[in-house]
Protein chains: 2
Amino acid sequence: MAEDAEVEGKKLEIIEWASERFYEGGFHATGIDSVMAGSGISKRTVYKYFSSKEALIEAVLDHYGSDIVDELFTPARAAGHDPRRQIMAFFDIRKAMIDENPIRGCLGIKASQEYVGKHDGIAERGKNAAAYVERAFIDLCEQTGLADPVNLGKQISILFQGSLLLSQVFGDSAPFVAARAAVASLLNHAAVPSRRPGPRTAKK
Amino acid sequence: MAEDAEVEGKKLEIIEWASERFYEGGFHATGIDSVMAGSGISKRTVYKYFSSKEALIEAVLDHYGSDIVDELFTPARAAGHDPRRQIMAFFDIRKAMIDENPIRGCLGIKASQEYVGKHDGIAERGKNAAAYVERAFIDLCEQTGLADPVNLGKQISILFQGSLLLSQVFGDSAPFVAARAAVASLLNHAAVPSRRPGPRTAKK
DNA sequence: GACTTGGTAAACCGATCTGTTTACCAGTGA
DNA sequence: TCACTGGTAAACAGATCGGTTTACCAAGTC
């Protein structure tokens with residue numbers, strides 16, 4: 001994921017602008033003409049750097065992957081060494097993002113939903129974004145030393161994506177508050193491995 | 001919700017056919033021509049019954065609301081009187097639906113995501129569908145007699161929508177298994193009102 | 001100055017979109 | 001038999017789609 005370290009200049013400029021417009025307008029509903037309107041970049045230039053609209057969307061999603069790291073993961077890690085704190089920070093950060101810009105969901109999943117069964121490259125990138133977030137939660141759960149961190153991480157991932165979806169549909173960040181409480185409950189009542197506890201068992 | 005008791009005949013036929021095609025192809029990505037292709041119903045007839053594509057989509061979503069009742073709520077109620085059982089049945093039923101037809105998500109939420117900020121009537125119907133499901137979970141939670149049934153119901157709703165979304169993205173019903181376990185944990189560890197406990201406090 | 005590079009602006013192409021119109025066909029009742 | 005009703009099939013209009021082409025322009029560089 002986030003393989004676009006080499007993207008720069010005009011290409012990056014196109015991706016960032018298009019990303020914003022696709023975010024607001026959806027993929028099928030937004031044409032290349034309207035996507036670049038107001039950017040000062042001509043359609044000719046877009047097709048110089050990208051072979052098709054789908055290729056542009058793929059590049060946008062790849063870039064979005066690296067954005068996720070910057071906007072979500074890094075601040076979460078800054079919450080401290082305690083993995084539980086970092087998990088909670090995920091929800092707080094995303095809630096704050098929703099509060100200041102209510103229409104935003106997960107661009108990758110949005111794309112995946114629009115292109116599932118129709119364009120594999122795009123749907124695959126959406127799937128990867130979801131899997132990446134899930135993996136991050138599982139990693140953090142492993143650090144807590146609780147039993148069955150894989151399932152726990154998946155459950156937290158479901159709560160995260162569910163609250164992201166509903167906050168978008170309702171236009172309200174409240175689902176994150178409920179989800180956060182659910183995560184706390186799951187973490188508090190998760191079993192602790194009986195013998196030979198895993199590394200970093202803080203024991204609380 | 002589900003105000004289409006009077007819909008019948010050709011109009012209902014159009015709605016049911018279109019519903020299926022929109023389900024598979026999305027709303028923006030599927031034109032009226034292709035939506036009715038193979039149905040034996042002409043576009044002329046569609047526009048005799050519906051003033052616009054958006055009006056057709058609204059009718060589809062209204063019909064979908066009543067479908068939800070038939071396909072999800074009624075079988076769940078058949079699971080018995082125990083509200084916890086009914087909640088679990090929700091997840092089992094939806095998982096089984098996914099297993100036999102992997103691409104299906106919630107049509108209302110799909111529509112809401114495609115038309116949020118662009119067509120209020122459609123987005124509103126998606127919001128209503130989500131609120132309706134949430135309300136159903138809250139009602140069941142109230143019947144359990146557990147404390148704070150509103151929050152509990154919202155959390156279960158988030159788990160439900162999240163697993164529905166992820167099962168669609170991943171093309172796999174596994175998220176429902178994880179979500180179901182999370183629901184069980186939340187229900188088992190929810191506080192019981194300190195005084196005057198509700199009916200059926202299993203205490204486990 | 002001539003030539004190249006990298007870009008904008010806008011016309012253009014064929015396809016497809018929403019929505020309308022025309023022409024035709026199959027029943028049905030008087 | 002004749003008119004009417006409700007429908008299909010298909011052409012059509014105007015807009016917009018993805019994508020290409022043409023014309024122009026500005027900045028370097030020789």
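Chain letters run A, B, ... following the sequence lines, proteins first, then strands; residues in each count from 1.
- The six-membered or imidazole ring of Y132(B) lies near that of F73(B), with a centre-to-centre distance under 6.0 Å.
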(message) Could you walk me through whether H28(B) and E114(B) satisfy the side-chain hydrogen bond (donor to acceptor under 3.5 Å, both in side chains) test, starting with their C-alpha distance in whole Å, then the side-chain angles of each, then the deciding distance to 0.1 Å, before giving a yes or no?
(response) CA-CA 8 Å; H28(B) 281 105; E114(B) 277 197 46; 2.8 Å; yes
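- M36(B) places its CE atom 16 Å from the P atom of dT20(C), with the value rounded to the nearest Å.
- Within 6.0 Å of atom CG in D99(B), more than 12 heavy atoms from other residues, nucleotides or ligands are found, so the atom counts as buried in its surroundings.
- Judged as a ring pair (Phe, Tyr, Trp, His ring centres under 6.0 Å), and not counting sequence neighbours, the contacts of F27(A) are F22(A).
- One atom, NE2 of H28(A), and another, P of dT16(D), lie 19 Å apart when rounded to the nearest Å.
- Here dT18(C) presents its C1' atom at 16 Å from CZ of F50(B), a figure rounded to the nearest Å.
- One atom, CD1 of I32(B), and another, P of dA15(C), lie 22 Å apart when rounded to the nearest Å.
- If you take CG of D33(B) and P of dC17(D), they are 17 Å apart, rounded to a whole angstrom.
- One atom, NZ of K118(B), and another, C1' of dT18(C), lie 15 Å apart when rounded to the nearest Å.
- Between the P atom of dT22(C) and the OH atom of Y47(B) lies a distance of 18 Å, rounded to the nearest Å.
- The two residues L107(A) and L61(A) make their nearest non-hydrogen contact at O-CD2, 4.0 Å.
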Pull out every protein N or O sitting under 3.5 Å from an N or O of nucleotides 6-12 of chain C, one pair per line with the distance.
{"unit_1": "dG7(C)", "atom_1": "OP1", "unit_2": "Y49(A)", "atom_2": "OH", "d": "3.1"}
{"unit_1": "dG7(C)", "atom_1": "OP2", "unit_2": "Y49(A)", "atom_2": "OH", "d": "3.2"}
{"unit_1": "dT8(C)", "atom_1": "OP1", "unit_2": "G40(A)", "atom_2": "O", "d": "2.7"}
{"unit_1": "dT8(C)", "atom_1": "OP2", "unit_2": "S42(A)", "atom_2": "N", "d": "3.3"}
{"unit_1": "dT8(C)", "atom_1": "OP2", "unit_2": "S42(A)", "atom_2": "OG", "d": "3.0"}
{"unit_1": "dT8(C)", "atom_1": "OP2", "unit_2": "T45(A)", "atom_2": "OG1", "d": "2.2"}

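- Residues H189(B) and H189(A) place their aromatic rings such that the two centres sit under 6.0 Å apart.
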